[in-house]
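By convention here, the first residue in the shown sequence is residue 1.
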Amino acid sequence: MWPGGTEPAPANLSGSWQGIFSYLTAKKAPGCFSATISESDGRLTGEIHDQDGAVAAVRPSFATLEGRRVGRDVRFLKRYVSEAKKYAVIQYLGEINDGATEIAGQWFVPGHSSGSFTMTRSKIISAAGA
């Protein structure tokens with residue numbers, strides 16, 4: 001069930017999400033992001049906006065999201081959008097909680113850096129409740 005409601009949890013991950021990521025090493029502070037995800041037949045597409053000023057100083061704040069969900073497992077790639085420079089693709093591997101309100105897991109750039117992330121679904125307001 002959706003927290004605080006009587007309707008079942010959403011059947012897919014479509015919607016708005018807020019997230020935080022941290023680095024494996026303690027040398028860098030955690031960062032925040034927002035994501036919009038669309039899911040169709042397990043295929044994930046969307047966009048991510050980094051909300052961390054330190055990150056924005058070294059790369060664009062906008063990225064695309066593309067991946068798959070199989071059951072509770074979520075895998076997606078984050079690609080920064082820039083015409084001036086090519087940035088490394090970031091791989092995310094996570095798992096959805098029972099209520100489909102949170103995705104938690106690991107991110108990594110092969111041979112470069114890695115860390116953990118958690119994404120929380122933004123509140124869903126039904127048409128009846130608006």
Side-chain angles (χ1 to χ4, degrees):
M1 293 293 172
W2 191 253
T6 57
E7 298 176 294
N12 67 45
L13 301 180
S14 295
S16 298
W17 296 77
Q18 296 297 314
I20 187 166
F21 62 90
S22 60
Y23 294 87
L24 185 59
T25 62
K27 295 178 184 177
K28 294 184 181 181
C32 298
F33 63 92
S34 62
T36 302
I37 299 175
S38 294
E39 179 181 0
S40 178
D41 295 325
R43 182 172 180 260
L44 305 175
T45 57
E47 55 189 49
I48 297 173
H49 295 271
D50 288 334
Q51 300 168 346
D52 180 8
V55 170
V58 296
R59 64 179 174 250
S61 61
F62 176 77
T64 61
L65 178 152
E66 186 174 349
R68 297 225 28 102
R69 172 174 87 138
V70 177
R72 293 171 60 133
D73 294 326
V74 176
R75 295 172 182 248
F76 62 88
L77 301 176
K78 177 180 180 182
R79 290 185 173 96
Y80 285 99
V81 177
S82 172
E83 293 182 17
K85 183 178 176 183
K86 185 173 181 171
Y87 292 87
V89 175
I90 303 171
Q91 299 177 31
Y92 285 75
L93 307 172
E95 185 174 313
I96 306 163
N97 71 348
D98 289 337
T101 59
E102 184 177 281
I103 303 169
Q106 302 294 314
W107 64 267
F108 61 97
V109 177
H112 184 63
S113 58
S114 63
S116 61
F117 77 97
T118 303
M119 297 170 63
T120 304
R121 188 188 295 267
S122 298
K123 183 177 178 181
I124 295 177
I125 301 173
S126 69

*Please write out which residues are connected to L77 in a hydrophobic cluster, directly or through intermediates, given that two of Ile, Leu, Val, Met, Phe, Trp, Tyr count as joined at side-chain heavy-atom separations below 4.5 angstrom.*
V89

*Taking the side chain as every heavy atom from C-beta outward, state whether I37 and M119 have any pair of such atoms under 4.5 Å apart.*
yes

*Is there a path from F76 to V109 through hydrophobic residues (I, L, V, M, F, W, Y) whose side chains come within less than 4.5 Å of each other?*
yes

*Counting only N and O atoms by type, is there a donor-acceptor contact under 3.5 Å from the side chain of E39 to the main-chain atoms of L13?*
yes

*Identify which one of R75, R72, R69 satisfies the salt bridge (Lys or Arg N to Asp or Glu O under 4.0 Å) criterion when paired with E95.*
R72

*asked:* What I'd like to find out is whether the side chain of P110 reaches to under 4.5 Å of the side chain of Q91, using heavy atoms alone.
replied: yes

*Supply the atom-to-atom distance S40 OG to N12 CG, rounded to the nearest 0.5 angstrom.*
8.5 Å

*Over all heavy atoms of both residues, which pair between R68 and D41 is shortest? Give the atoms and the distance, please.*
NH2-O, 3.4 Å

*For the hydrophobic clusters of this structure (ILVMFWY residues joined by side-chain heavy atoms under 4.5 Å, transitively), does one cluster hold both F33 and I20?*
no

*asked:* Just verifying a value: how many Å separate S61 OG and I48 CD1, rounded to the nearest 0.5 Å?
replied: 11.5 Å

_Spatial distance of atom OG (S82) from atom CZ (F62) [nearest 0.5 Å]_ = 12.0 Å

*Pair Y80, K78: side-chain N/O donor-acceptor within cut-off below 3.5 Å*: yes

_For Q106 and S114, which I'm curious about, is there any donor-acceptor pair between the side chains at under 3.5 Å?_
no

*Applying ring-ring contact (aromatic ring centres under 6.0 Å, His included) between F117 and each of W17, F108, Y92, W107, report the one that passes.*
Y92

*Starting at CZ of R121, measure out to OG of S14 and round the result to the nearest 0.5 Å.*
7.5 Å

*asked:* Could you walk me through whether T45 and S38 satisfy the side chain to side chain donor-acceptor pair (under 3.5 Å) test, starting with their C-alpha distance in whole Å, then the side-chain angles of each, then the deciding distance to 0.1 Å, before giving a yes or no?
replied: CA-CA 5 Å; T45 57; S38 294; 4.6 Å; no

*asked:* Show, in sequence, the C-alpha distance, side-chain angles and deciding distance for S122 and Q18, and conclude whether the side-chain contact (heavy atoms from CB on, under 4.5 Å) test is met.
replied: CA-CA 7 Å; S122 298; Q18 296 297 314; 4.0 Å; yes

